[in-house]
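Chain naming here is simple, since letters A, B, ... match the order of the sequence lines and numbering starts at 1 in each.
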Amino acid sequence: MSSSTVRVRFAPSPTGYLHVGGVRTALFNWLYARKTGGKFILRIEDTDIQRNKEEATQIIINGLKWCGLHWDEGPDIGGPCAPYFQSQRMGHYKVVGDALEKAGLAYWAKKDSAGGLPEWKIEKLKKQGKWDEEKAQAAADPNPALYLKVDLNGRSEVVFEDAVKGTIAKPAATYQEEDGVTGKDFVIMRGNGMPVYNFACVIDDVDMRISHVIRGDDHVENTFRQIFIYEALAKLPEGALPNAPKIPVFAHLPMIFNEEGKKISKRRDPVAITLYQACGLLPEAMINFEALLGWSPGNEHEVMPMEEIIREFSFDRIKSASAQFTLNRKLPPPVAAGGATTDPEVEAQIVEWLSECLKGSKLEWINGEYMRKLDAAELVKRVEPFLLKKGYDVSHHSPAWLKNVLQMEQERSKTLKQLAENVALFFNAPTKLEPKAVDKVLKKNDGIAVLQEMRGVLAGVEEWAGPALDNAVKHFAESKGKKLGDVAQPLRVALSGTTVSPPIHDTLHLLGQAECLRRIDFALTQVC
RNA sequence: GUCGCUAUCGUCUAGAGGCCUAGGACAGAGGACUUUCAAUCCUCCAACCGGGGUUCGAAUCCCCGUAGCGACGCCA
């Protein structure tokens, strides 16, 4: 493998859900790997998460797979840099930490007293009245921690080139004590022997020969500290690390905001990707939409096949301003949860709410575009889980019938979930007629009479097929001197209980003669 | 508190000094088509944060404000 090979990684921590922001980070990494013929690596940063690690990892794996973002190396499939769990690499971090100490680049010391919190944070907490000295003392690790010696090396500022944002610089003073000489050393190994995020991250990126670090721009500040770590590692004697420490290219992606202009968060925003899945969005639409958050191909294409996104993708077409993930929130969320809930009832509530928020959004529009492009077989495959969830017994019907029913609603639905709902009338006869429909249709323009007469016409139809039924309806309307709508609407109300359905002859056809007559009879009992 | 980043229609965005009377898309309004709902098509509405420079010419370059966001821990 040549040293110029692109290797990128997505390194989530297993929190119990896959965040829509994480999906976008993963996507951009994946795109870059696919575009350059490089490798996409999945690494699980689980140094500090105690519970349900395996389950939480599986959730991430499932989410990424659903999105179609497949990795070349990772916890489930292994690879040359295994293991891909940080929790399984602890020994290695310790060895590197020791090597740094031995080389005089780091030292064990006990510096903080107040739970390791910096002064500015303590002051802030005090101002908010949230400061508890005793608690902080108790939480403080009594053991010494390993500090990295910060070496400014005479620099007046620390600089790196960001592939998205350009040059980013910080004054050296940020990392120096008041004297302007001594570096502000920082912890890389905790008192309990666990590595700090920045340390583990850099070691892993070196070990895994990561060439490009593509991540959210909330990591910009971390980058400077990480650079110090890279520089220290480079001073280690040869052989201390399997690969030569080389500072990767950094590409910091703009954040995704909510409608309030704040970083999207699980406390108040629907962030779990599974929520969007449950709303009946297609992964390809979700991915297309997320790709367009902060990136554009520079032409006027918006709905693009993945191949085109890969072809057009480049860092310099990524904006450095953050983008809003807009939903139409007409209603407040039912609960303050981003979808990490394990209660299926609560999740169902959130999904209903999210579905409402999705209405009229660009995401829903893109999804509709993709829905309409689905071929019949694919459509059936995708909608089926939603039908089962609604309790429709699909097995009673022929595959051809099911295909016809779904295709008829395909153009009328923007999500799989909507489609499953729109198709309800083909699985369940209405138990009552919408009062509004009765008033507007049946009680006007001789609606009831038309229905009664149509019942007779339909009972006499011998060839129960679309064209024949179309003719029957049209002839009847003509013979009575009525507009088509005056015949179709009463029928529609009788068959569906509502004023909305697919074209009337198709609806008649797919419902079958016996069922149609039964529903008309039922409707007549309701209004006569 | 300190540091950093950002600023174009309500939203996603195009824009690399003259192609800008600022383009596209979603949403919204109106209309056409129609058998309801969609889909489709047409029309409309709607933005360069403010102020200074530089320049023959600025949405674009520079400076200063302002605002927003982010980050700063023995969290990740």
Side-chain angles (χ1 to χ4, degrees), chain A residues 11-13 15 45-49 86 110-112 114-124 127 139-141 143-147 162 165 168-171 173-174 186-198 200-201 216-222 224-225 252 254-255 257 259 261-263 289 292-303 316 319-328 359-366 368 372 409-414 422 437 441 470 473-474 477 483-489 491-493 496 498-505 507:
Chain A
S13 110
T15 48
E45 307 215 325
D46 56 351
T47 50
D48 205 56
I49 311 290
Q86 283 193 331
K110 181 98 188 82
K111 280 190 179 176
D112 313 296
L117 290 177
E119 270 171 46
W120 66 268
K121 182 118 193 188
I122 294 172
E123 261 167 54
K124 203 173 218 173
K127 258 186 207 167
D141 197 312
N143 302 308
L146 185 63
Y147 282 79
D162 191 280
K165 293 175 183 276
I168 303 183
K170 279 195 95 132
T174 317
F186 59 89
V187 173
I188 51 177
M189 296 277 277
R190 288 177 255 222
N192 63 8
M194 302 276 267
V196 148
Y197 164 75
N198 278 322
C201 177
D217 71 5
D218 48 348
H219 283 286
V220 165
E221 306 279 330
N222 283 330
F224 295 99
R225 283 191 163 183
H252 287 101
M255 294 277 87
F257 286 171
E259 295 82 349
K262 301 250 160 69
K263 187 175 155 183
F289 174 77
L292 259 16
L293 244 34
W295 175 84
S296 91
N299 53 38
E300 279 167 3
H301 292 188
E302 295 204 299
V303 180
D316 55 16
K319 290 220 318 180
S320 39
S322 17
Q324 243 179 257
F325 190 119
T326 319
L327 297 168
N328 294 322
K359 293 218 168 106
S361 70
K362 194 157 188 169
L363 174 54
E364 193 196 46
W365 170 76
I366 290 184
R372 265 170 259 127
E409 283 293 353
Q410 182 169 22
E411 209 173 59
R412 306 179 152 68
S413 313
K414 284 182 175 159
N422 290 347
V441 178
D470 195 27
V473 175
K474 280 180 177 153
K483 284 188 289 184
L484 211 43
D486 289 337
V487 180
Q489 279 306 78
L491 272 175
R492 205 179 316 268
V493 173
S496 71
T498 73
T499 54
V500 179
S501 89
I504 201 66
H505 58 278
T507 308

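- Rounded to the nearest Å, the gap between the C1' atom of B/U13 and that of B/U55 is 29 Å.
- Within the 4.5 Å cutoff, side-chain heavy atoms of A/Met255 are placed close to those of A/Asp217.
- The gap from the P atom of B/U11 to that of B/C48 amounts to 12 Å, rounded to the nearest Å.
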Dump every N/O contact between nucleotides 41-51 of chain B and the protein below 3.5 Å, one line per pair.
none

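- Spacing of C1' atoms, B/C9 relative to B/C26, comes out at 12 Å, to the nearest Å.
- Rounded to the nearest Å, the gap between the P atom of B/G18 and that of B/U34 is 48 Å.
- Within the nucleic acid shown, A/Ser320 comes within 4.0 Å of sugar-phosphate atoms alone, with no base atom in reach, counting heavy atoms only.
- Both A/Glu123 and A/Val220 lie close to RNA chain B; mapped to their nearest nucleotides by heavy-atom distance, the more 5′-ward contact belongs to A/Glu123.
- Heavy atoms of A/Phe186 sit nowhere under 4.0 angstrom from any nucleic acid atom.
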message = Strictly under 4.0 angstrom, non-hydrogen atoms only: write out the protein contact profile of nucleotides 13-28 of chain B, one letter per nucleotide from the 5' end, B, S or -.
response = SSS-------SBBSS-
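- For B/G73, its base sits under 3.5 Å from the side chain of A/Lys121 at one donor and acceptor pair at least.
- Closest contact between the side chain of A/Arg412 and the listed nucleotides B/C74, B/C37, B/A71 involves B/C37.
- Atom name C1', nucleotides B/A59 and B/U36: the rounded distance is 47 Å, in whole Å.
- The gap from the C1' atom of B/U21 to that of B/G15 amounts to 16 Å, rounded to the nearest Å.
- Among the heavy atoms of the strands, none lies under 4.0 Å from A/Ala173.
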Pick out the pairs of N or O atoms, protein on one side and nucleotides 58-65 of chain B on the other, that lie under 3.5 Å.
none

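- Atom name P, nucleotides B/A32 and B/G10: the rounded distance is 29 Å, in whole Å.
- Aromatic rings of A/Phe186 and A/Phe224 (six-membered ring for Trp) have centroids beyond the 6.0 Å cut-off, not under it.
- Going from the C1' atom of B/C12 to that of B/A46 covers 15 Å, rounded to whole Å.
- In this structure, A/Lys170 and A/Lys262 both approach RNA chain B, and ranking their closest nucleotides by distance from the 5' end singles out A/Lys170.
- A/Asp162 comes within 4.0 angstrom of nothing in the nucleic acid, heavy atoms only.
- Judged by distance alone with a 3.5 Å cut-off, no donor-acceptor contact links the side chain of A/Asp217 to the base of B/A71.
- Although no hydrogens or angles enter the test, the distance criterion places a donor-acceptor pair under 3.5 Å between the side chain of A/Glu364 and the main chain of A/Gly360.
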